[in-house]
Each structure stands twice: as C-alpha cells, then as structure tokens.
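Read the structure below first, then the notes.
Remember, predicted model here, so these are calculated numbers, not experimental data.
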Amino acid sequence: MNYIVLPILFFLSGFFMKFSDDAYDVDGNKRIAIIFSVLCGVCSAFASVLDIGAAYIFISILIGNFIALKVDGIHHMIALILFIVILLAFGIPPVNIFILIICICGASLDEVGHEMASNFTDNSFVLFFFEYRFVMKIVLFLLAVCGVISFLTFVMFILFEVSYLLAGVVFELSKKEKF
C-alpha cells in the first residue's frame, strides 16, 4: 500500500508547496497560500510518518528553509506547525542524526544557492545547478546508491521535484487564464 500512497503524497507535497509559495509570493493571496500550505503540510507529514526516507527529505527541507531564512509567511508557519503536530501525534521514524545532518546540509545549500548564486557568478552551469536545486538530488542519489535510503525514495523525490515544477507552470497558466 505504501508503494501507492507514498508517490501520491510526494507528488502532492511538491505541487502544494510550490503553488502555496507562488500564491503568497507572486499574487499576495494569503487565503490560497494557506489552503495549499495546509495540504502540503499534511501530505509531507504523512509521507514522513510512513517512510524514513521521506522523513529525512521533508525534515531536511523544513530545516534547510529555516537556515536559508525562507520561512517568511503565515502559510509557512501554519504548514510547519501542522507538520510537527502530525509527526508528534503519529510518530517520527527513528532517523539517524548523521544522515539527517547530511540531508539538512544538502537542502540548506540548495536554498542558499538558489537565492544567492546569481549574486556571485554568471556561470550558466552554476546558475542552472542552483536554480533546479541539484545538491539535494545528488545527496539523495548517493544515499540511495549506498543503501541508506531506498532507490524508490530517491525516485519519489524526483517525482516531488517534477510536481513542484508542474505547479509553477499551472500557477502561471491560471494567472493567464484567470481560473
């Protein structure tokens, strides 16, 4: 059952995360941002409860965004609180702190690089690398190759990333089409 539920939760988490951020940052629509952030918090929390690899990913994304000072709206705070409450209520898988720190470093580098790379270089490879947050992808791929997380978890993270990009496209189309 987790092989069906987890990919859906990863996909929805990525989609809801991006749509929430765009609603807040681009449109200033707090109501839509909060609705989608609640959905994101629920999906990512339940994925984390169901799978230790998901726990590494979503906890590190959360902490990485804190480190990069990107928790910047009420929608983020609501998602954060909901995420923590669900993890505490249903139980956090027994994560290895060393592996979690590696993932946090990857997520933090992605977030800081995403925001700062263009201030330091014009190199198109570096800009592309951080625009699409490749540090975490590399970290998770290496953890999967080493057997620390399942390769399926890595694939689900790629699904999360694809849905995140898809949400950006859907958001832009919704602005043009005035849904």
Side-chain angles (χ1 to χ4, degrees), residues 10-30 32-33 36-37 40-41 43-44 47-48 53-77 79-80 83 95-151 153-176:
F10 268 85
F11 181 88
L12 292 175
S13 293
F15 190 91
F16 295 150
M17 185 180 293
K18 176 64 172 168
F19 208 91
S20 171
D21 283 345
D22 283 355
Y24 189 87
D25 294 337
V26 176
D27 276 355
N29 190 332
K30 290 181 183 177
I32 294 296
F36 278 92
S37 68
C40 175
C43 289
S44 57
S48 298
Y56 286 127
I57 291 167
F58 290 116
I59 292 169
S60 65
I61 289 172
L62 173 72
I63 295 171
N65 276 284
F66 255 116
I67 291 170
L69 304 175
K70 292 184 72 179
V71 178
D72 59 359
I74 186 70
H75 64 302
H76 287 147
M77 295 308 297
L80 165 69
F83 182 83
V95 296
N96 177 304
I97 193 69
F98 180 71
I99 302 303
L100 184 59
I101 289 170
I102 290 170
C103 292
I104 290 168
C105 289
S108 299
L109 286 171
D110 271 343
E111 293 303 326
V112 171
H114 182 77
E115 294 299 316
M116 305 290 291
S118 62
N119 296 337
F120 297 103
T121 186
D122 292 335
N123 183 294
S124 58
F125 174 77
V126 172
L127 295 175
F128 180 84
F129 186 85
F130 285 111
E131 175 67 24
Y132 293 99
R133 297 174 170 95
F134 273 93
V135 177
M136 189 67 158
K137 291 174 187 69
I138 293 168
V139 165
L140 292 174
F141 177 75
L142 292 173
L143 290 174
V145 167
C146 293
V148 175
I149 63 169
S150 74
F151 194 74
T153 300
F154 170 72
V155 171
M156 288 186 293
F157 179 71
I158 299 302
L159 181 63
F160 165 89
E161 292 284 314
V162 168
S163 71
Y164 185 91
L165 294 173
L166 178 64
V169 171
V170 170
F171 181 82
E172 287 301 317
L173 289 174
S174 71
K175 288 180 54 142
K176 290 178 184 173

(request) Can you see which heavy atom on A54 is nearest to which on T153, and at what distance? (result) N-CG2, 4.0 Å
(request) Check whether more than 12 heavy atoms from other residues, nucleotides or ligands sit under 6.0 Å from atom CZ of F141, and answer yes or no. (result) no
(request) State, to 0.1 Å, how close A23 and A33 come at their nearest heavy-atom pair, and which atoms those are. (result) CB-N, 3.9 Å
(request) Decide yes or no for L140 and Y56: does some side-chain heavy atom of the first lie under 4.5 Å from some side-chain heavy atom of the second? (result) no
(message) Does the plane of the ring in F125 sit parallel, tilted or perpendicular to the ring in F129? Use 30° and 60° as the thresholds.
(response) tilted
(message) What I'd like to find out is whether the side chain of L143 reaches to under 4.5 Å of the side chain of C103, using heavy atoms alone.
(response) yes
(request) Might you point out which heavy atoms bring S163 and F11 nearest each other, and give the distance in Å? (result) OG-O, 2.7 Å
(request) Specify the closest pair of heavy atoms between Y132 and K137, including all atoms of both residues, with the distance to one decimal. (result) O-NZ, 2.5 Å
(request) State the CD1-OG distance between I63 and S108, to the nearest 0.5 angstrom. (result) 8.0 Å
(request) Could you tell me how the ring of F160 sits relative to the ring of F10: parallel (under 30°), tilted (30 to 60°) or perpendicular (over 60°)? (result) perpendicular
(request) Look at the rings of F15 and F36 and say which category their plane angle falls in: under 30° parallel, 30 to 60° tilted, over 60° perpendicular. (result) tilted
(request) Output, in order, the C-alpha distance, side-chain angles, deciding distance and verdict of side-chain contact (heavy atoms from CB on, under 4.5 Å) for K18 and F171. (result) CA-CA 9 Å; K18 176 64 172 168; F171 181 82; over 6 Å; no
(message) Nearest 0.5 angstrom please: C105 SG to D110 CG, how far?
(response) 11.5 Å
(request) Can you measure from CD1 (I97) to CD1 (I104) and round to the nearest 0.5 angstrom? (result) 6.5 Å
(message) For a 4.5 angstrom cut-off between non-hydrogen side-chain atoms, does I32 reach D27?
(response) no
(request) Let me know which of I74, D72, L80 forms a side chain to side chain contact (heavy atoms under 4.5 Å, CB included) with H76. (result) D72
(request) Take S60 and M136 through the side-chain contact (heavy atoms from CB on, under 4.5 Å) test and state the conclusion after the steps. (result) CA-CA 10 Å; S60 65; M136 189 67 158; 3.0 Å; yes
(message) With side-chain contact (heavy atoms from CB on, under 4.5 Å) as the criterion, how do S118 and L127 come out once you've worked through the C-alpha distance, each side chain's angles and the decisive distance to 0.1 Å?
(response) CA-CA 6 Å; S118 62; L127 295 175; 4.0 Å; yes
(message) Could you walk me through whether L165 and V169 satisfy the side-chain contact (heavy atoms from CB on, under 4.5 Å) test, starting with their C-alpha distance in whole Å, then the side-chain angles of each, then the deciding distance to 0.1 Å, before giving a yes or no?
(response) CA-CA 7 Å; L165 294 173; V169 171; 5.9 Å; no
(message) Quick check: do S37 and Y24 have side-chain heavy atoms less than 4.5 Å from each other?
(response) no
(request) Hey, could you give me the CG/CE distance between L109 and M116, rounded to the nearest 0.5 Å? (result) 13.0 Å
(request) Decide yes or no for I102 and V148: does some side-chain heavy atom of the first lie under 4.5 Å from some side-chain heavy atom of the second? (result) no
(request) Report yes or no: does N65 contribute a side-chain atom to a donor-acceptor pair with the main-chain N or O of K70 at less than 3.5 Å? (result) no
(message) To check you understand the geometry: which heavy-atom pair defines the closest contact between E111 and A68, and what is its length?
(response) CB-CB, 3.5 Å
(request) Return the minimal non-hydrogen interatomic distance between A144 and S150, and the atom names on each side. (result) CB-O, 4.0 Å
(request) Working to the nearest 0.5 Å, report the span between CG of L69 and CD of E115. (result) 10.0 Å
(request) Quick one: pull up SG in C40 and NE2 in H75 and give me the separation to the nearest 0.5 Å. (result) 9.5 Å
(request) Check the surroundings of atom CG in N123: do more than 12 heavy atoms from other residues, nucleotides or ligands lie under 6.0 Å from it? (result) yes
